[in-house]
Amino acid sequence: MKHLIAFTGARSGGLHKVLSTTDEIFSQQDLTSRVEYSPSTNLDDDEWFYIEQFSTKGYENDFVSKSSPINTTALNQLPVEKFQKIKYLCCEEGSKKYFQKLLPSQFVSKKWFSVSDAPVLENNKKIISFSNIPDAIYDLASNELYFRDIAKMKAIFKGIEELYREATQEEVTEFLQQDFIELTEGYNSESVKVPNRKRIAIAVDRISDYSPEQKQEIFDYIHEYCPNVTFNEGKFSISSEDDLKYILFGIDERYYTTKLGNEKRLANSVISMASQN
């Protein structure tokens, strides 16, 4: 017997039992194509991010903390008035715990009928629609978390947003005040959009470890690959989001030249070779 469980938030009672069934709740997933999580990496369609030794990371989750198999008799049945408060759905099967974030748009109240030989019109019956593909899988046996979208994980695992955060306004302002940057044409810290804020969060960590010599090497590297960004007297002139993006890609060392074709390229996604199993 499989049990579908809902988390409604700590103030609404936490975990509740929704239903029990012999049917499959979430489909089994092939986790062999996996990449250790990095905000610089874009996944292929069949790939999953993973975090090893997950239980030691401190990312809290009520369902993960429950012993397995979970004792559903200790859970309250989810009352009707709390269905709209569901934050995520979860269940366990064998050594794996499955999670799916629930959005308000998945709580549906429409006229509908089933696809059958004798369809019946249903009116004003509220339903919850969810995918058979989980957003996250925690493998107790290997102590690894698998997922594809870090943004969805923030609603499920407390604190995990630190892995892929946006730079704060203070960090953005401080970064743009670096002595190798000159802002022009009215561009300022308020102009920086979300993608570049995320890149700044990565760049701040990287560049803080560089020596003056390494910084100069990075600046020369950026100037070589981005001649369209004005570089004068040791300063890059930034007047747009694209200018900033090119510099941040350079700090992340995304530019390279092919060995045989001698073609300059930009790596849209980065996977550390050390993370490959």
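Heads up: numbering here begins at 1 and tracks the sequence. Since the model is a prediction, treat every value here as computed from it, not as a measurement.
- Considering all non-hydrogen atoms of both residues, Met1 and Thr22 come closest at SD-N, 3.9 Å.
- For Glu263 (side chain) and Thr257 (main-chain N/O), no donor-acceptor pair under 3.5 Å exists by modelled atom type.
- Aromatic ring orientation, Phe249 versus Tyr255: perpendicular (interplanar angle above 60°, classes split at 30° and 60°).
- Aromatic rings from Phe130 and Phe26 are positioned such that their centres are separated by under 6.0 Å.
- A donor-acceptor contact closer than 3.5 angstrom is absent between the side chains of Asp242 and Ser240.
- A distance of 9.5 Å separates CD1 in Ile51 from CE in Met153, rounded to the nearest 0.5 Å.
- Using a cut-off of 4.0 Å between Lys/Arg side-chain N and Asp/Glu carboxylate O, Arg206 and Asp252 are scored as salt-bridged.
- Around atom NZ of Lys82, more than 12 heavy atoms belonging to other residues, nucleotides or ligands sit under 6.0 Å away.
- Of the N and O atoms on the side chains of Ser191 and Glu241, not one donor lies less than 3.5 Å from an acceptor on the other residue.
- Residues Ser129 and Leu102 come closest through the heavy atom pair O-CD1, 4.3 Å.
- Counting only distance, with no hydrogens or angles, the side chain of Glu52 and the backbone of Asn143 share no donor-acceptor pair below 3.5 Å.
- The 12-atom threshold is not exceeded at NZ of Lys158, counting heavy atoms of other residues, nucleotides or ligands nearer than 6.0 Å.
- Two residues are said to be in side-chain contact when any heavy atoms from C-beta on lie closer than 4.5 Å; Ile251 and Ile202 fail this criterion.
- Side chain of Thr21 to backbone of Asp23: a donor-acceptor contact under 3.5 angstrom is found.
- No continuous path of ILVMFWY side-chain contacts below 4.5 Å connects Trp112 to Phe107, so the two sit in separate hydrophobic clusters.
- When all heavy atoms are compared, the tightest approach of Ile137 to Leu31 is CD1-CD2, 3.9 Å.
- Under the 30°/60° scheme for interplanar angles, the aromatic rings of Phe175 and Phe180 are found to stand perpendicular.
- No side-chain heavy atom of Ser65 sits less than 4.5 Å from a side-chain heavy atom of Glu60.
- The number of heavy atoms from other shown groups lying within 6.0 Å of CD (Glu217) does not exceed 12.
- Placement of Ile150 and Phe99 within a single hydrophobic cluster is found when ILVMFWY residues are connected by side-chain heavy-atom separations under 4.5 Å, directly or transitively.
- Residues Lys2 and Cys91 have side chains not in contact (no heavy-atom distance under 4.5 Å, counting atoms from C-beta outward).
- Cation-pi check for Lys97 over Phe63 is met; the charged atom lies under 6.0 angstrom from the ring centroid and within 45 degrees of its normal.
- Of all heavy-atom pairs spanning Tyr256 and Ala267, the tightest one is CE2-N, 3.9 Å.
- A tilted orientation is assigned to the rings of Tyr37 and Phe147, their planes being inclined by 30° to 60°.
- Panel note: side chain Lys101, backbone Ala155; no donor-acceptor pair is recorded below 3.5 Å.
- Interatomic distance, Arg197 CZ to Thr168 OG1, rounded to the nearest 0.5 Å: 8.5 Å.
- Separating the CG atom in Leu15 from the CG atom in Asn76 is a distance of 10.5 Å, to the nearest 0.5 Å.
- Residues Tyr225 and Ile207 are members of one and the same hydrophobic cluster, defined by side-chain heavy-atom contacts under 4.5 angstrom among Ile, Leu, Val, Met, Phe, Trp and Tyr.
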Inset, instruction - Could you check Tyr246 against Asn228 for side chain to side chain contact (heavy atoms under 4.5 Å, CB included), going step by step and ending with a plain yes or no? - result: CA-CA 9 Å; Tyr246 297 144; Asn228 55 314; 3.3 Å; yes

Inset, instruction - Give the intermediate values and the outcome of side chain to side chain contact (heavy atoms under 4.5 Å, CB included) for residues Ile160 and Leu145. - result: CA-CA 11 Å; Ile160 202 170; Leu145 179 74; 4.1 Å; yes

Inset, instruction - Take Leu244 and Leu176 through the test side chain to side chain contact (heavy atoms under 4.5 Å, CB included) and record every step on the way to the result. - result: CA-CA 9 Å; Leu244 179 57; Leu176 295 179; 4.1 Å; yes

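- Side-chain contact, Ser27 with Gln29: a donor N or O sits under 3.5 Å from an acceptor N or O.
- Heavy atoms of other residues, nucleotides or ligands lying less than 6.0 angstrom from CD of Glu81 number more than 12.
- At most 12 heavy atoms of other shown residues, nucleotides or ligands fall within 6.0 angstrom of atom NZ in Lys66.
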Inset, instruction - Mind running side-chain hydrogen bond (donor to acceptor under 3.5 Å, both in side chains) on Gln169 and Ser189 for me, showing each step along the way? - result: CA-CA 7 Å; Gln169 186 60 39; Ser189 61; 3.1 Å; yes

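- Counting all heavy atoms, side chain and backbone alike, Ile181 lies closest to Ile238 at CG2-CD1, 3.7 Å.
- Although no hydrogens or angles enter the test, the distance criterion places a donor-acceptor pair under 3.5 Å between the side chain of Asn71 and the main chain of Thr73.
- No side-chain heavy atom of Val120 sits less than 4.5 Å from a side-chain heavy atom of Ser114.
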Inset, instruction - Test Asp139 against Tyr50 for side chain to side chain contact (heavy atoms under 4.5 Å, CB included), laying out the working first. - result: CA-CA 10 Å; Asp139 189 337; Tyr50 78 97; over 6 Å; no

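- A donor-acceptor contact closer than 3.5 angstrom is absent between the side chains of Tyr98 and Gln100.
- Annotation: side chain of Ile156 is in contact with side chain of Asn61 (closest heavy-atom distance under 4.5 Å).
- Using modelled atom types, no side-chain atom of Tyr187 and backbone atom of Ser237 make a donor-acceptor pair closer than 3.5 Å.
- Hydrophobic clustering (ILVMFWY, side-chain heavy atoms < 4.5 Å, transitive): Leu4 and Val108 are in distinct clusters.
- No side-chain donor from either of Tyr210 and Gln216 sits under 3.5 Å from a side-chain acceptor of the other.
- No more than 12 heavy atoms of other residues, nucleotides or ligands sit less than 6.0 Å from atom CZ of Phe113.
- Under the 3.5 Å distance criterion, the side-chain polar atoms of Lys235 are matched with a main-chain donor or acceptor of Asp179.
- When the side chains of ILVMFWY residues are joined at heavy-atom separations under 4.5 Å, either directly or via intervening members, Phe83 and Leu19 end up in a single hydrophobic cluster.
- At a threshold of 4.5 Å between non-hydrogen side-chain atoms, the residues Asp243 and Thr184 do not count as touching.
- Of all heavy-atom pairs between Phe231 and His223, the closest is CB-ND1, 3.5 Å.
- Here the options are Tyr88, Phe7, Phe54, the test is ring pair (Phe, Tyr, Trp, His ring centres under 6.0 Å), and the partner is Phe157; only Phe54 passes.
- Atom CG of Asn132 sits about 11.0 Å away from atom CD of Gln28, to the nearest 0.5 Å.
- A salt bridge links Glu144 with Arg34: the distance from a Lys NZ or Arg NE/NH1/NH2 to an Asp or Glu carboxylate oxygen falls below 4.0 Å.
- For the pair Tyr138 and Lys96, the minimum side-chain heavy-atom distance is 4.5 Å or more.
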Legend entry - salt bridge (charged side-chain N to carboxylate O under 4.0 Å, His left out) between Asp135 and Lys152, worked out: CA-CA 7 Å; Asp135 291 325; Lys152 292 181 179 179; 3.6 Å; yes

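- The environment of NZ in Lys245 is crowded: more than 12 heavy-atom neighbours from other residues, nucleotides or ligands sit within 6.0 Å.
- Within the 4.5 Å cutoff, the side chain of Asp30 has no heavy atoms near those of the Asp46 side chain.
- Atoms CG and CD1, on Leu78 and Ile86 in that order, are 5.0 Å from each other to the nearest 0.5 Å.
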